[in-house]
*Asks:* 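Pasting in a structure now, in structure tokens, and then I'll have a few things to ask.
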Amino acid sequence: MSSLLRFLKRDHHAQHNPQAESPLFILPAELRLQIFNLVLNCSVIWLSVGETWDGLYLELDEGGNKIMPLRATTIFASRLLSLLLSCARAHDEALPLLYSLNTFVVSELRTLRFLANGVGAPYITRLEVLVTTTFDIPLGPSHDSFTRWNRWIGKKCLRERKWARQWEPVKKFGSLQYLFIELEARGVFWKEIVRPFESVIIKPLEGLLKDGTVGKLRLFWDRPLGHEIAAEEVLDAWAIERVVESCALRSWLAERQPRR
């Protein structure tokens with residue numbers, strides 16, 4: 001069983017030993033918290049969902065962040081848990097700092113749900129959600145969609161509601177100060193397919209930002225064509241960035257759009 005799993009399974013309501021003889025807890029509380037600040041500041045912690053015989057749990061993502069070498073981020077973040085696992089008193093004092101000092105990154109909406117239901121959710125101040133799959137996006141009929149997408153008409157409402165529910169956990173992070181969301185459609189073909197449905201895709205993001213929360217959205221496709229609604233017109237409180245690749249296929253698909 002991983003150290004993070006043991007940490008999450010601990011009885012957080014149990015009485016802990018005051019550790020009166022520990023040199024750490026003899027120090028004044030202010031000085032002790034300064035030490036915790038230095039130890040627990042990892043900057044970025046990547047999380048994913050793991051599975052054991054008795055269910056699912058959150059674990060440190062071993063994939064890294066595409067900038068640091070593989071596992072380097074995980075190894076660094078794993079050291080943070082040694083302090084929290086040393087004793088119950090250290091855990092209770094350091095837990096809010098661990099979650100409030102660092103940026104937590106998830107690459108699956110399932111992981112987002114687990115994190116929102118965890119003990120650290122009320123303390124998280126910085127969150128990044130990276131969604132890089134197309135298949136959960138609620139594509140539906142659109143003015144500029146191709147004929148072959150008409151088969152989605154019957155399931156459009158159900159898929160939109162499911163897509164919206166997956167973003168509800170963000171509202172549980174009561175101390176959130178920074179929210180970054182990245183939506184990427186894999187492949188040039190999918191990037192062009194999702195463009196007409198941008199209004200549906202970004203609709204659940206409305207209302208996620210609370211007073212004082214900074215929001216940034218990165219989309220890996222160009223603005224919709226014609227009269228389709230773009231994110232810039234709806235999410236006025238967000239800073240929106242688009243990463244667009246120029247290619248022959250995108251130009252060819254754009255030419256096939258009906259002229260208005």
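Bear in mind the structure is a predicted one, so any value in this text is a computation, not a measurement. Residues: numbered from 1 along the sequence shown.
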*Asks:* Are L47 and L109 connected in the hydrophobic side-chain network, where two residues link if heavy atoms are under 4.5 Å apart?
*Replies:*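 Yes: a chain of side-chain contacts under 4.5 Å links L47 to L109.
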
*Asks:* Can you find a heavy atom in the side chain of T103 that is under 4.5 Å from one in the side chain of E128?
*Replies:*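 Yes, side chains in contact.
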
*Asks:* How about L219 and V243: do any of their side-chain heavy atoms sit closer than 4.5 Å?
*Replies:*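 No, side chains not in contact.
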
*Asks:* Check E168 with K171, please: is the shortest side-chain N to carboxylate O separation under 4.0 Å?
*Replies:*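 Yes.
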
*Asks:* With heavy-atom distances below 4.5 Å as the criterion, would you say the side chains of L235 and E206 are in contact?
*Replies:*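 Contact flag for L235/E206 side chains = yes.
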
*Asks:* Got W238 and I202 here, is their nearest side-chain heavy-atom distance under 4.5 Å?
*Replies:*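 Not in contact.
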
*Asks:* Under 4.5 Å between any side-chain heavy atoms of S175 and Y123, yes or no?
*Replies:*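 The answer is no; the side chains never approach within 4.5 Å.
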
*Asks:* Supply the atom-to-atom distance R113 CZ to R110 CZ, rounded to the nearest 0.5 angstrom.
*Replies:*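 So the CZ of R113 and the CZ of R110 are separated by 7.5 Å.
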
*Asks:* If hydrophobic clusters are built by linking Ile, Leu, Val, Met, Phe, Trp and Tyr wherever their side-chain heavy atoms come under 4.5 Å apart, do F220 and V200 end up in the same one?
*Replies:*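 Shared cluster, no.
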
*Asks:* So how far is it from L208 CG to F173 CZ, rounded to the nearest 0.5 Å?
*Replies:*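 So the gap between those two atoms works out to 11.0 Å.
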
*Asks:* Quick one: CG on L127 to CD1 on I181, what's the gap to the nearest 0.5 Å?
*Replies:*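 One finds 8.0 Å between CG of L127 and CD1 of I181.
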
*Asks:* Please answer: with hydrophobic residues joined when any side-chain heavy atoms are less than 4.5 Å apart, are L112 and V119 in the same cluster?
*Replies:*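 Yes: a chain of side-chain contacts under 4.5 Å links L112 to V119.
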
*Asks:* Quick one: pull up OH in Y178 and CD1 in I124 and give me the separation to the nearest 0.5 Å.
*Replies:*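 These two atoms lie 15.0 Å from each other.
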
